[in-house]
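Structure, as structure tokens:
Fair warning: this is a prediction, and the values are worked out from it, not measured in the lab. Order of the sequence lines sets the chain letters (A, B, ...), proteins ahead of strands, with each chain counted from 1.
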Amino acid sequence: MTLYAEVIVPLPLEKTFYYIVPEGFKEKIKIGSKVLVSFRHRLLTGFIVKLHWKNPAGNYQLKEITELLDDKPVFTSTFLTYTQKLAAYFYSSWGNLLQASIPPSLTVKSRKRVFVTGKAGEGINMASLSNYEKKILSLLQKKSYMESYLKGKLKVRDLGVHLQRLEKKGLIFRKEEVQRKKRNKDKFDIPSAGQLEIDFSQDKKSIQAAGRLTKSLGKQAFSRFLLYGSTEKREGVYFYLIKHCLALKKRILFLVPEIVFTEDLIQKVKKRFTGNTAILHSRLSEKKRELAWKTIKDGAAEVVIGTRSAILSPVENVGLVIIDEEQDDSYYQKQNPAYDARIGAWFKAEQEGALLVFGSAFPSVEARFRAGEQGYLINLEKISSPGQVEIVDEGKERRLVSDSLYKRIKLRLARKEQVLAFSGRRGYSAFLTCSRCSYIPRCKHCDISLTYHKKREELVCHYCNYTIKYMNVCPKCGSKVVQKKGIGVEVIGEEFKKKFPKKRVAVFHPDEAGNKRRQEDILSLYKDGKIDILVGTSMLAHRFDLPPASLVVIFYPEITLALSDYKAAQKTFLSISQMLSHLKKDKDSRAVIKTAMPNNFSIKMAASGDYHAFYEQEIQYRKIMNYPPFSCMAEIVFQDENLRVLAEKSRQFAAKVKKKGNIEVLGPALAPVARVRGRNRIQVILKAKGKEEIDSVLKSALSKSRIKKSVYIYE
DNA sequence: AGCACGCCGACT
DNA sequence: GTCGGCGTGCTC
């Protein structure tokens with residue numbers, strides 16, 4: 001009897017495809033197996049999602065599966081169900097999500113390489129060749145290239161037709177190459193379990209919380225909690241829970257934000273769990289990632305700790321899922337495949353009957369609201385105030401460094417104390433503008449002004465890296481005066497260098513390409529007390545391994561408020577709170593916030609460390625405006641080079657949705673960044689009571705429009 | 001996504 | 001006629 005396999009491929013296609021299972025694989029092939037299939041002239045890694053004894057495809061001519069790639073299936077059927085649900089939730093492709101769930105080195109793909117034949121070397125009748133054919137041949141004279149490379153190099157969409165013609169003329173030939181990394185057969189040793197030391201303070205609230213959570217854990221049925229408290233308190237509870245979970249012979253999945261995943265944290269975890277721990281984060285080498293994944297797959301890892309993608313790791317028998325710093329944006333992956341690790345954690349915990357713990361010192365108002373409503377908020381303590389914070393009104397003091405601030409800094413430095421300065425500006429530098437005609441150099445491909453990098457003497461686009469040389473003459477009016485504006489960290493750093501020329505001033509911006517190493521060096525210099533003033537963005541504020549300073553200066557945190565984003569207040573509150581958390585906790589220490597919006601509530605509440613007051617006001621605002629958590633929003637961004645087509649398609653989409661009723665449609669409107677890499681962007685925002693309403697219309701409204709689009713879900 | 005097919009204007 | 005740009009349908 002013939003066995004038929006239903007296969008999902010890692011392409012943005014909803015469909016599954018049927019193949020015939022060759023005799024040789026019949027015994028070994030299972031649901032969840034990874035296979036190599038021929039799919040329209042190319043070879044792809046696919047995954048078996050179902051097996052059939054009857055031909056499910058009708059009289060369609062089926063192909064055979066080319067190869068079974070492993071002895072044992074890579075996915076369990078529960079994992080398949082889980083990822084399918086997660087992908088559907090975020091309108092992303094299941095196949096892509098499955099591919100993202102295994103180390104890239106374990107997948108296979110075919111590519112086509114193009115060679116010239118001997119005939120091409122002899123005198124060919126050049127006249128008989130088309131422009132493109134000539135170009136292709138001259139490129140290939142030296143060596144062979146991949147089709148994809150040639151396509152990028154020559155910028156032709158239909159490279160295939162030209163290659164076909166050349167092939168017919170006998171001048172080139174193509175060879176399919178299967179890219180397969182070496183299988184990693186080497187054994188990994190399973191270290192013995194270490195002693196788990198609990199530095200659980202004898203704190204009444206923590207004990208209560210731990211008790212309540214442990215009870216839930218013991219039930220081995222899905223339940224969830226929001227743990228509100230400082231990092232130290234939360235950690236105490238986490239480690240207590242982990243110990244109990246291990247005693248139940250259940251696994252733990254512990255997620256942390258991307259940015260805090262530093263060597264420090266890894267060392268800390270390693271120290272606590274000498275063995276049976278797998279660590280997963282984006283900076284792992286291919287080899288290490290594969291090893292960690294295998295440790296988990298084999299069931300050797302008892303604790304899996306990692307960033308958002310760890311939610312796609314093959315952990316089984318999970319009793320506890322922790323998402324620390326619940327409010328962090330990095331849990332939401334917005335690009336192929338899109339998914340939110342927090343929702344993933346929920347699905348996972350539900351499926352496993354596990355205890356789900358969200359933790360934060362500054363929970364998102366959405367999470368805080370739901371937890372309060374549904375009675376699963378656990379309050380560890382009143383978070384202590386950040387200390388003495390002074391707000392300086394930009395309107396009253398225009399200079400970046402005022403006399404009083406200068407004196408303050410001087411005093412600290414004289415006492416051999418360090419100063420931390422933060423800029424609210426997300427980018428790290430300034431842009432240029434002509435003082436006569438106000439011309440601003442902008443990116444050729446993106447709707448954004450170019451950022452000025454003083455050291456490199458260059459103007460760079462933040463979105464596409466388009467770079468031009470620094471100009472001291474305005475290209476529009478020829479005026480010699482071109483001055484920089486804006487208050488990025490570089491400008492702040494320079495200002496400090498000017499005011500304190502004998503002091504060691506450093507600027508931290510790790511998002512600059514190829515600079516990670518040096519940035520880490522800056523941090524360790526600061527840690528060793530070899531830097532007097534350290535300037536950074538909210539990125540720096542995320543680094544909990546930063547030693548606290550006795551003077552913290554925050555410049556213009558209101559910049560995040562200018563974002564057209566319903567979460568702007570929350571983001572501002574959060575970033576200021578994180579910056580202030582680096583203030584030393586003693587009477588003597590001071591923080592200064594320089595702002596043009598001294599009366600803004602998110603700035604004021606962050607300065608006084610009053611999360612509760614912030615929450616109360618923000619949740620009122622969300623309610624009045626009918627924003628999440630009181631509604632579900634879907635943001636759809638359409639992208640195309642042709643603005644006319646783009647506008648037309650997005651209007652059609654909006655009209656389609658409007659017809660269905662009970663959904664509020666905002667837009668179409670230009671996206672905040674209206675052009676990126678030459679592509680225009682138009683967005684439509686849908687607002688509905690719940691996600692079900694969105695789901696009931698969105699899929700059909702998006703179907704078969706060829707235009708590029710991304711969907712983001714907020715609730 | 002990536003590719004082939006086929007249509008069509010434009011160039012020789 | 002044939003080159004090459006563009007829209008569209010399909011992939012087991």
For A:Phe39, answer base if it contacts any base atom (sugar-phosphate contacts may also be present), sugar-phosphate if it contacts only those atoms, and nothing otherwise; contact means non-hydrogen atoms under 4.0 Å.
base
Pairwise 5' ranking along DNA chain C for A:Arg706 and A:His162, keeping only the more 5' one
A:His162
For A:Tyr89, is the NZ or CZ atom of A:Lys691 found under 6.0 angstrom from the centre of its six-membered ring and inside 45 degrees of the ring axis?
yes
Measure the distance from NE2 on A:His41 to C1' on B:dA4 and round it to the nearest whole Å.
7 Å
To the nearest angstrom, how far is A:Glu176 atom CD from B:dG2 atom P?
15 Å
Of A:Lys708 and A:Asp158, the one whose nearest nucleotide on DNA chain B sits closer to the 5' end is A:Lys708
Taken in chain and number order and not counting sequence neighbours, the residues that satisfy side chain to side chain donor-acceptor pair (under 3.5 Å) with A:Ser144 are A:Arg113
Less than 3.5 Å apart, any donor N or O on the side chain of A:Ser631 or A:Lys687 sitting next to an acceptor on the other?
no
When rounded to whole Å, the CD to C1' distance for the pair A:Gln335 and B:dA1 reads 14 Å
Whole-Å distance, A:Ile8 CD1 to B:dA1 P, equals 14 Å
Using whole Å, report how far CD of A:Glu14 lies from C1' of B:dA1.
14 Å
Interatomic distance where CZ belongs to A:Arg157 and P belongs to B:dG6 [whole Å]:
15 Å
If we ignore angles and hydrogens, is there a donor and acceptor under 3.5 Å between the side chains of A:Tyr712 and A:Asp340?
no
Students often mix this up, so state it plainly: with edges at 30° and 60°, are the rings of A:Tyr566 and A:Tyr714 parallel, tilted or perpendicular?
perpendicular
Just the endpoints, please: which first and last nucleotides of DNA chain C, 5' to 3', lie under 4.0 Å from a heavy atom of chain A?
C:dC3 to C:dC12
Cut-off 3.5 Å, side chains only: do A:Thr83 and A:Trp94 have a donor facing an acceptor?
yes
To the nearest Å, give me how far apart CD (A:Gln164) and C1' (B:dA4) are.
8 Å
Residues two or more places apart in sequence or in another chain: which of them pass side chain to side chain contact (heavy atoms under 4.5 Å, CB included) with A:Gln327?
A:Glu325, A:Ser360, A:Ser364, A:Leu574, A:Gln578
Pick base, sugar-phosphate or nothing for A:Thr16, based on heavy-atom distances below 4.0 Å to the nucleic acid.
nothing
Output yes when at least one side-chain N/O atom of A:Lys151 is less than 4.0 Å from OP1 or OP2 of B:dG2, else no.
no
How would you label the contact of A:Ile20 with the nucleic acid (heavy atoms, under 4.0 Å): base, sugar-phosphate, or nothing?
nothing
